[in-house]
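All values below come from the heavy atoms of this structure, side chains included, with hydrogens, waters and symmetry mates left out. This one's a predicted model, so the numbers in the text were calculated from it and none came from an experiment.
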Amino acid sequence: MQAIRKRYFPALAEYIRGGKDASLQHANALGQQLYGFQPEEIIAVHEDCIQALAANVDSKDAVQIYHRSFLFLMELMVACRFRMEINSEGDIVEPTAEQKIVAMRERLLSSNRSFEKVKNKYENVLQHMDSGIALFDGDGILSFVNVQMAKLLDIPRKTLVGCNIREILLHPKLNIHTKRTILRLYREMILKRHRYYEFQQKDGKHLLATVTYGDQLDGDFLFSVKDVSEYKHIEQSALQNDKLAMLGKIAAAIAHEIRNPLTSIRGFIQLLRPYLLEVGKEEYARIILTEIDRANDIIYEFLNSSKPSAPVKQAKSIENLIREVVMLTESESLMRNCEIGIESHLEDAIVSIDIKQVKQVILNLVKNSLDAVEETQSERRGRIDIVLNSDGQYVEIMIKDNGKGMDKLTMSKLFDPFFTTKEEGTGLGLSVSYRIIRNHGGTIRVNSKMGSGTEFIIYLPLVG
């Protein structure tokens, strides 16, 4: 079978590619070479070859290929001659022409049914895979190529089937860049026996080629090419994240070490303060101490944001926590002519939290609201409403002010580290608050509109 197919498939493929001008001379010559083979063997090989050819064309071309292959088989079988039969008297009797045609019709009808079944399988599965697939037989002849592979080569499938590597490389429609890629793949995957090879196209796409060698496919070679650009991007993003994480650790270590000399400087400035007072330069000492304290505050917040710490949780009534925060900010709110109100719709809502961390978040949001309403004092008195609700699974803490509000661009960057709209802000408060709430299994949302105020909504899981 393999010996017949080795000669049969390239001749049949060349005849079908030749169109109306193709000659049946090769069929006649091949038929004479196959003299002595059983007709069943030849027709079985023909059936196998026509299935492979039909799988590489569109449905509308399949019927045409079937008819042309019938002419090829007829010519070959006439040249090869049918198997002679021996009658009861021992004489060799050659079947009549009608018997030949009937026998061939039955074989070809059976072949047609098999071909339709296999063609549908190829069309529905292989042809529409996102990977390019090409199957070469043991002699290097391309027997199957799917739609995606033809797109990668930018060559019609029906002009590729039946060609070897050399004929593909000499194809007039193959561009020089693709030729070089094929040669590189041949060198790496066939000569050097590498099963995987990654390469990049001129348009920047990353492709991964895979080969399954003949010893696993009865002598055939299966090539597949897949676009892995998205996976490559994910890999590069992960690598970049690793680099940023390492950079964050280094920066945190440096920031920690900076605090030591700042502490020494602050101590010496305080010792020098009486002497600066004598020469009327006490203001210098005040400015230096203020800036050192500001630097220490920035470093403290940076260390908190760069070293995520697991919360030490304990059960706490969220309503009591809110009232404690309001008491802490009550005097400051009165000084800024702002009223803070609490509206609770909860009944003994208990959450499991790190009290210090969550109190820091609420306090930070309330102070931000105080800053926002202070800028609108000339228009209206400031007001901050803290509303508590629950859906049975989460407690909802809404902190709403009637300040100046924010635009969409500001909101999109609100939780980014070091982003701030304040002259003396560090840009770390909200990013740290976001991290704390996420570590508690909750979320923070923000809604705002210019001139209408801002509302922050915190969701924390309730204790079962």
Side-chain angles (χ1 to χ4, degrees), residues 234 237-259 294-316 318 321-322 324-325 328-329 349-372 386 388 393-401 406 408-422 424-448 454-463:
I234 294 172
S237 297
L239 181 62
Q240 182 66 17
N241 288 338
D242 288 342
K243 290 180 179 178
L244 290 174
M246 181 60 68
L247 183 61
K249 290 180 180 179
I250 295 172
I254 294 173
H256 180 74
E257 292 301 320
I258 290 175
R259 297 177 73 181
R294 174 173 159 75
N296 273 320
D297 289 341
I298 293 174
I299 291 171
Y300 174 77
E301 292 190 28
F302 176 75
L303 289 173
N304 281 342
S305 65
S306 62
K307 294 192 298 183
S309 57
V312 180
K313 296 181 179 180
Q314 53 184 300
K316 177 72 174 178
I318 194 66
L321 180 69
I322 295 299
E324 290 173 13
V325 172
L328 290 174
T329 58
I350 304 298
V351 290
S352 179
I353 57 174
D354 185 312
I355 297 175
K356 182 179 178 181
Q357 289 185 0
V358 175
K359 185 180 287 187
Q360 176 189 345
V361 172
I362 305 298
L363 192 59
N364 187 34
L365 295 179
V366 171
K367 286 186 174 181
N368 284 348
S369 295
L370 286 172
D371 292 337
I386 303 177
L388 305 178
Q393 290 185 319
Y394 289 85
V395 63
E396 177 188 292
I397 308 166
M398 183 176 69
I399 302 173
K400 183 177 180 180
D401 64 62
M406 295 180 287
K408 291 183 178 180
L409 180 60
T410 302
M411 282 195 294
S412 66
K413 299 180 179 181
L414 205 57
F415 297 106
D416 292 349
F418 303 107
F419 175 78
T420 181
T421 58
K422 303 176 184 177
E424 297 183 357
T426 63
L428 290 171
L430 285 177
S431 64
V432 172
S433 298
Y434 180 83
R435 179 183 58 79
I436 289 173
I437 296 301
R438 293 287 292 180
N439 287 347
H440 281 77
T443 58
I444 297 183
R445 295 180 184 175
V446 58
N447 297 312
S448 186
T454 301
E455 63 178 29
F456 283 89
I457 307 174
I458 300 173
Y459 296 91
L460 289 171
L462 288 165
V463 173

Are L388 and I397 packed together at the side-chain level, in the sense that at least one heavy-atom pair is separated by less than 4.5 angstrom? yes

Test item: N368 and L430 side chains (from C-beta on) under 4.5 Å apart, heavy atoms: yes

From CG (D401) to OG (S448), nearest 0.5 Å: 7.5 Å

Out of curiosity, N447 CG to M398 CE, how far, rounded to the nearest 0.5 Å? 9.5 Å

Considering the options L363, I386, N364, which one meets the side chain to side chain contact (heavy atoms under 4.5 Å, CB included) requirement together with V325? L363

Heavy-atom nearest pair, V446 first then M411, reads O-SD, 4.3 Å

Distance (rounded to the nearest 0.5 Å) between I444 CD1 and Y459 OH: 11.5 Å

Considering all heavy atoms of both residues, which atom of I399 and which atom of S369 are nearest to each other, and what is their separation? CG2-OG, 3.9 Å

Check whether more than 12 heavy atoms from other residues, nucleotides or ligands sit under 6.0 Å from atom NZ of K367, and answer yes or no. no

Are side-chain heavy atoms of I318 and L462 found at a separation under 4.5 Å? no

Counting C-beta onward and ignoring hydrogens, is there a side-chain heavy-atom pair between L414 and F456 closer than 4.5 Å? yes

To the nearest 0.5 Å, how far apart are NZ in K316 and NZ in K359? 6.5 Å

Out of curiosity, I322 CD1 to I458 CD1, how far, rounded to the nearest 0.5 Å? 7.0 Å

CG of N439 to NZ of K313: how many Å apart, nearest 0.5 Å? 8.5 Å

Just wondering, more than 12 heavy atoms not from K400 lying within 6.0 Å of its NZ? no

Could you report the tightest heavy-atom contact between P461 and G441, atom names first, then the distance? CD-O, 3.9 Å

Start with the C-alpha distance between L321 and I353, add both sets of side-chain angles, then the distance that settles side chain to side chain contact (heavy atoms under 4.5 Å, CB included), and finish with yes or no. CA-CA 11 Å; L321 180 69; I353 57 174; 3.7 Å; yes

Looking only at heavy atoms, the pair that brings H440 and V358 closest together is NE2-CG2, 3.7 Å

Is the shortest side-chain heavy-atom distance between V361 and Q357 below 4.5 Å? no

